[in-house]
Amino acid sequence: MKRLINPQAFPIALLLAILLSSCCTSNSITKKYSPEAKKWEKDILKFEALDKTEKYPEDAVIFAGSSSIRLWSTIKEDMAPYKVIPRGFGGSKYSDLACYVDRIVNPHQFKALVIYEGNDIIGTPYDKTAEEMSDLLKYIVKKVRKKNLDKPIFVIEITPNKKLWEALPKIKEANAALEKTCRKLHNVHFIATSSHYLTQDGESRTELFRSDMLHQNREGYIIWTKIIKTKLNEVLMK
């Protein structure tokens, strides 16, 4: 005798399957990347110590990401009148932020979150694919949304530079995937920057970088500031 399926129960079963699948994805991401991310534990502990001693305004913008955020020594002055909570750590990756987003971002009330990670593709066999980076961004957004359902999230395009020039095709592919992902997610905005760091011939504007040809100098940060602040104004001042 055939077993009848209650049609009213089907949506519930489907929802449970989706939630279970999401849970498995979350667990697999943290399980895969946590061992590598542990090297940043001291940096995260410093952030947590600051959270206990500093009084951060609830309308501040969190800037989270890698050394391009950490080395931005004038970020508070440059981004004014926006108040800033800087949370850049080392040469971190999207995978590192995914592992620590609960401890870096979610302890705060904030106006917006800005993300820049530039080290997932550096021209090695261990580089992530564009799809992996897209999945990590989705995971980060999902974790942030658990506490901050509707706060704007901004993703800065990976800056092309001379140091990683050989990896530029893969970086471009990753940027395209990140932009596409941003368009699909609610209130997540991609900040395009590449055209400002390339000449008309498609070469790197080396005058915008430090001697390592990887990190921006003051002139580079001035350009970044203008691009980022313009996008923030566009979204936050509607």
Side-chain angles (χ1 to χ4, degrees), residues 21-51 62-72 85-108 113-147 153-182 185 188 190 210 212-216:
S21 173
S22 174
C23 213
C24 290
T25 301
S26 299
N27 290 338
S28 64
I29 283 177
T30 53
K31 184 177 181 180
K32 180 177 181 179
Y33 296 111
S34 287
E36 180 185 354
K38 283 182 179 178
K39 65 183 176 183
W40 305 116
E41 181 66 21
K42 289 183 179 179
D43 297 80
I44 307 307
L45 288 173
K46 289 178 183 178
F47 292 151
E48 291 176 330
L50 286 172
D51 290 343
I62 299 176
F63 279 74
S66 56
S67 52
S68 291
I69 301 296
R70 179 176 57 83
L71 295 172
W72 193 352
I85 302 175
R87 288 295 181 263
F89 57 110
S92 62
K93 306 174 183 179
Y94 271 99
S95 49
D96 299 316
L97 183 57
C99 291
Y100 287 115
V101 64
D102 270 333
R103 294 169 63 184
I104 293 175
V105 177
N106 286 343
H108 300 279
L113 168 64
V114 179
I115 297 169
Y116 179 80
E117 294 289 2
N119 298 293
D120 294 85
I121 298 175
I122 57 173
T124 74
Y126 306 103
D127 287 350
K128 295 182 182 67
T129 65
E131 183 180 2
E132 286 173 327
M133 292 177 66
S134 178
D135 287 342
L136 285 164
L137 176 58
K138 291 175 188 176
Y139 175 82
I140 291 166
V141 171
K142 183 179 72 172
K143 296 289 281 186
V144 173
R145 290 285 184 248
K146 284 185 176 181
K147 185 176 179 182
I153 298 173
F154 298 85
V155 178
I156 305 174
E157 184 174 18
I158 303 168
T159 306
N161 57 73
K162 197 70 173 178
K163 177 75 172 180
L164 304 178
W165 200 249
E166 296 300 319
L168 189 59
K170 290 171 66 176
I171 290 173
K172 287 182 176 180
E173 184 180 352
N175 279 330
L178 292 171
E179 183 175 15
K180 184 178 179 180
T181 299
C182 289
L185 297 173
V188 180
F190 188 77
R210 301 182 184 192
D212 62 7
M213 288 296 131
L214 176 65
H215 298 101
Q216 299 179 67

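All values below were derived from every heavy atom in this structure, side-chain atoms included, with hydrogens, water molecules and symmetry-related copies excluded. Sequence positions, counted from 1, serve as the residue numbers for this chain.
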Would a distance-only check, ignoring hydrogens and angles, find a side-chain to backbone donor-acceptor pair under 3.5 Å from D120 to K93? no
Please determine whether the number of non-hydrogen atoms from other residues, nucleotides or ligands lying under 6.0 Å from atom CD of E179 exceeds 12. yes
Are L178 and E157 packed together at the side-chain level, in the sense that at least one heavy-atom pair is separated by less than 4.5 angstrom? no
Using only atom types and a distance under 3.5 Å, with no angle test, would you say the side chain of K147 pairs donor to acceptor with the backbone of N106? yes
Is S92 reaching over with its side chain to a backbone N or O of G65, donor-acceptor style, under 3.5 angstrom? yes
Just do the side-chain contact (heavy atoms from CB on, under 4.5 Å) check on L137 and V141 with the steps written out, would you? CA-CA 6 Å; L137 176 58; V141 171; 4.1 Å; yes
Where is the tightest heavy-atom contact between L136 and S95, given as atom of each residue plus distance? CD1-N, 3.8 Å
How long is the span from the NZ atom in K143 to the CD1 atom in I104, to the nearest 0.5 Å? 12.5 Å
Which atom names give the shortest non-hydrogen contact between A167 and G123, and what distance separates them? CB-N, 3.8 Å
Correct closest heavy-atom pair for S66 and N119 would be CB-ND2, 3.3 Å
Does T181 reach the side chain of F190, with side-chain heavy atoms less than 4.5 Å apart? no
If you apply the rule side-chain contact (heavy atoms from CB on, under 4.5 Å), what do you find for R103 with D51, and how did you get there? CA-CA 10 Å; R103 294 169 63 184; D51 290 343; over 6 Å; no
Would you say D127's side chain and I122's backbone share a donor-acceptor pair under 3.5 angstrom? yes
For Y116 and T159, indicate whether the former's side chain and the latter's backbone hold a donor-acceptor pair under 3.5 Å. yes
Taking all non-hydrogen atoms of both residues into account, name the closest pair between I121 and K128 and its distance. CG1-O, 3.7 Å
One pair to check against side-chain contact (heavy atoms from CB on, under 4.5 Å): R210 and Q216. What are the steps and the verdict? CA-CA 6 Å; R210 301 182 184 192; Q216 299 179 67; over 6 Å; no
List the steps and the verdict of side-chain contact (heavy atoms from CB on, under 4.5 Å) for V114 and I62. CA-CA 6 Å; V114 179; I62 299 176; over 6 Å; no
Any donor-acceptor pair under 3.5 Å linking the side chain of D43 with the backbone of F89? no
Verdict with supporting geometry, K32 and E132, salt bridge (Lys or Arg N to Asp or Glu O under 4.0 Å): CA-CA 12 Å; K32 180 177 181 179; E132 286 173 327; 3.4 Å; yes
How far apart are the closest heavy atoms of I140 and A98, and which atoms are they? CG1-CA, 3.7 Å
Any L113 side-chain heavy atom under 4.5 Å of F63 side chain: no
Donor + acceptor pair across side chains of Y100, E41 (<3.5 Å): yes
Separation between OH of Y33 and CD1 of I29, rounded to the nearest 0.5 Å: 7.0 Å
Side-chain donor or acceptor of S134 paired with backbone N/O of A130 under 3.5 Å: no
Give me the atom names and distance for the closest heavy-atom approach of G118 to I158. CA-CG2, 4.2 Å
Just how far is it from atom CG of L164 to atom CG of L168, taken to the nearest 0.5 Å? 9.0 Å
How many angstroms lie between CZ in R145 and CG in L185, if you round to the nearest 0.5 Å? 8.0 Å
NZ (K170) and CG (N175) are apart, to the nearest 0.5 Å, by 13.5 Å
If you draw a 6.0 Å radius around NZ in K162, do more than 12 non-hydrogen atoms from other residues or ligands fall strictly inside? yes
Straight-line distance of F154 CZ to C182 SG, nearest 0.5 Å: 10.5 Å
Residues two or more places apart in sequence or in another chain: which of them pass side chain to side chain donor-acceptor pair (under 3.5 Å) with H215? S67, D212
